[in-house]
Amino acid sequence: MREYTELEKIRLAKLERLRTAGFEPYPPRAERTHTTAQALAAYAQNPPTDTHAAHGAYTVAGRVKAIRVMGKSTFAHIEDGAGRLQLFLRVNDLGETAYRAFVDLFDLGDFVQAAGGLFTTKSGEVTLWVKEFRLLAKAVSPLPAAKEEVVDGQKRVYSAFDNPEARYRERYADLAVNPEVRDIFRARARITAALRQFLDGQGFLEVETPILQPLYGGAAARPFVTHHNQLHQDLYLRISFELYLKRLLVGGLERVYEIGRDFRNEGVSFKHNPEFTQLEFYWAYADYEQVMRLTEAMVAHVADTVLGRRTLTYQGREINLNPGWPRLPLADGIAQYTGLDINAYPTAEGLLGAMEAKGIHADPKSTRGKLVEKLLGDFVEEHLQQPTFIVDYPRDISPLAKAKPGNPAVVERFEGYVAGFELCNAFTELNDPLDQEQRFIEMGRDYAADSEDTHPLDEDYLRAMRYGMPPNGGFGMGVDRLVMLLTDKATIREVLLFPHLRSREE
RNA sequence: GGGCCGUUAGCUCAAUGGCAGAGCAGGUGCCUUUUAAGCACUUGGUUGGGGGUUCGAGUCCCUCACGGCUCACCA
């Protein structure tokens, strides 16, 4: 345990004096008849004729956010989950002992309970005229001294607690002093609820599949490895849900989805966190065209539910989430922004040569698919501000997707882009077990392979597929990115309660 | 992993290589309708850690840690 700071020592001394004065600093129970919002609403609904006297009986509870001592009377603000309310305390009403205890021994950050009637002050604020108060929990450590007041409907913030490292490391303090941070996570909960509501309404079944997996797959990422001691078995934290959800289609569950955490042992960036929330669904008898239409409808439903509208401003740009997103074939997009016709170069060597001729440098060991991805990422993505489906991807970077009839080099796959980043990825799923095995082998897998570049072959997945898998469309979406979009946050860390940070020596 | 920038009081920030400061928070008083309340006085620092240059380092150099942005990585 570290040493207490001077400020903490002062509060610990107050804590002892409170006990002596008969204020239990951590009582087991609180009583509350109204939230601050309920109290204010009740007063507004039934306004008294004499607004300068206290009316009604309200008991509220919350954290002390401001104290203004004016001699024998004191104003304070408390904040609860619903809002804030001003308290008015007078020595006449409370007695010398109790009044002095509040003034001398209560601090910003303490949780208190206060009872009394409501009145309107000279300056027009509805305020609780306190007849009784209790301490509910003493704050030993002072919260970061952020000041924030609403004046004329304008929120003014003073000395905000805004150092990103401190805010993420001590998210509890961030939440305690920055109400707008709490709003992000309220929005996040509404977003995931709206996704579930939408998919449930479409007849999808929410399921839970293993996070600890003996083999990993379904995405292009390195896994975290762990170990089961009793079973003497290495296990991987899942990098996707895909292979398990599609096993369920074999089992006769026709529409399934899962919202949960994926873990990818990759770089951290403004749009990547080692653990992140994914939504995947699989839909028997549908193809990627139907999945596109469902995606548009789902995103619009979430916007309707969470924002009440389908247009939003993301980082200063207007985004329109109405269905009818353009379908842009990947080759056309690349041609549009680079002038390169990738269809004219069916081999990696040929495409690399054409790129070099345009001054675009790439790793000469790249496969053709990797080169295409680089062109997409470097030249096309940034232009996809309005929602856009990029469709029809190279087969060699899409081992789980079904080939497009008449064009075996291209698969029925789409990615949804909004605000210049990838939001979702989906395809008409490959359900031919022989083709699937061939694809795995093409990817460089064999039954023993397990390296950075090649994933182990999931024989059980092939076994499932051999029993017969209905044709289906599958979909995956980074939920954190959807939350970023709908809350106008530029980094994924702002929409994760506890984003990954390197550990710090204590 | 690379590049750039940053780390000073509880919080937000100042400080030509020359006495480490302000506002808020805290403490002691005054103040019975304030709301960034006000007024007076006041406490608080291993300037992220370590090393170096210098008469003298918050400031310059090296190094380590952590963070931010960015690039790379992410079939």
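Letters A, B, ... mirror the listed sequences (proteins, then strands); counts begin at 1.
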Peer 1: Tyr393(A) ring centre to Arg413(A) NZ or CZ under 6.0 Å, with the angle to the axis within 45°?
Peer 2: yes

Peer 1: Pick out the pairs of N or O atoms, protein on one side and nucleotides 68-72 of chain B on the other, that lie under 3.5 Å.
Peer 2:
unit_1, atom_1, unit_2, atom_2, d
G68(B), OP1, Arg493(A), NE, 3.0
C69(B), OP1, Arg493(A), NH2, 3.2
C69(B), OP2, Arg493(A), NH2, 2.6

Peer 1: What residues form a side chain to side chain contact (heavy atoms under 4.5 Å, CB included) with Leu352(A), not counting sequence neighbours?
Peer 2: Glu356(A), Ala362(A), Pro364(A), Leu371(A)

Peer 1: Which helical stems does RNA chain B take part in, if a stem means at least 3 consecutive Watson-Crick or G-U pairs with both distances below 3.5 Å?
Peer 2: B:1-7 with B:65-71, B:10-13 with B:21-24, B:26-30 with B:38-42, B:48-52 with B:60-64

Peer 1: Taking any heavy-atom pair under 4.0 Å as a contact, classify Glu125(A): base, sugar-phosphate, or nothing.
Peer 2: base

Peer 1: Are a donor atom and an acceptor atom from the side chains of Gln278(A) and Arg238(A) found within less than 3.5 Å of each other?
Peer 2: no

Peer 1: Sequence neighbours excluded, which residues qualify as side chain to side chain donor-acceptor pair (under 3.5 Å) partners of Thr74(A)?
Peer 2: Tyr99(A)

Peer 1: Please enumerate all protein N or O atoms sitting under 3.5 Å from an N or O of nucleotides 27-29 of chain B, with distances to 0.1 Å.
Peer 2:
unit_1, atom_1, unit_2, atom_2, d
G27(B), OP1, Lys14(A), NZ, 2.4

Peer 1: Provide the distance between the two P atoms, one in U34(B) and one in C39(B), to the nearest whole Å.
Peer 2: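 U34(B) and C39(B) have their P atoms separated by 15 Å.
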
Peer 1: In chain order, what residues pass the side chain to side chain contact (heavy atoms under 4.5 Å, CB included) check against Ala54(A), with sequence neighbours excluded?
Peer 2: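 Per chain and number, Ala54(A) pairs via side chain to side chain contact (heavy atoms under 4.5 Å, CB included) with Trp129(A).
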
Peer 1: I want to confirm an ordering. Mapping Thr120(A) and Asn163(A) to their closest nucleotides on RNA chain B, which one lands closer to the 5' end?
Peer 2: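 So the residue in question is Asn163(A).
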
Peer 1: Under the side chain to side chain contact (heavy atoms under 4.5 Å, CB included) rule, collect the residues that match up with Glu275(A), sequence neighbours excluded.
Peer 2: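 Once residues adjacent in sequence are excluded, the partners of Glu275(A) under the side chain to side chain contact (heavy atoms under 4.5 Å, CB included) criterion are Arg261(A), Phe263(A), Asn273(A).
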
Peer 1: Suppose you measure atom C1' in G45(B) against the same atom in C19(B); what distance do you get, rounded to whole Å?
Peer 2: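 Between the two C1' atoms, the distance is 15 Å.
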
Peer 1: For Asp392(A), check salt bridge (Lys or Arg N to Asp or Glu O under 4.0 Å) against everything at least two apart and list the hits.
Peer 2: Lys404(A)

Peer 1: Under the rule for side chain to side chain donor-acceptor pair (under 3.5 Å), what residues qualify as partners of Arg90(A), not counting sequence neighbours?
Peer 2: Asp93(A)

Peer 1: For the P atoms, the ones on U8(B) and on C60(B), what distance do you get once it is rounded to whole angstrom?
Peer 2: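 Going atom to atom, P in each nucleotide, I get 15 Å.
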
Peer 1: Taking atom P in both G44(B) and G6(B), what distance in whole Å separates the two?
Peer 2: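 About 30 Å, rounded to a whole number of Å.
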
Peer 1: For Pro214(A), what residues pass the side chain to side chain contact (heavy atoms under 4.5 Å, CB included) criterion, not counting sequence neighbours?
Peer 2: Gln233(A), Leu235(A), Tyr244(A)

Peer 1: Listed by chain and number, what are the salt bridge (Lys or Arg N to Asp or Glu O under 4.0 Å) partners of Asp50(A), not counting sequence neighbours?
Peer 2: none

Peer 1: What residues, two or more places apart in sequence or in another chain, satisfy side chain to side chain donor-acceptor pair (under 3.5 Å) together with Asp234(A)?
Peer 2: His227(A)

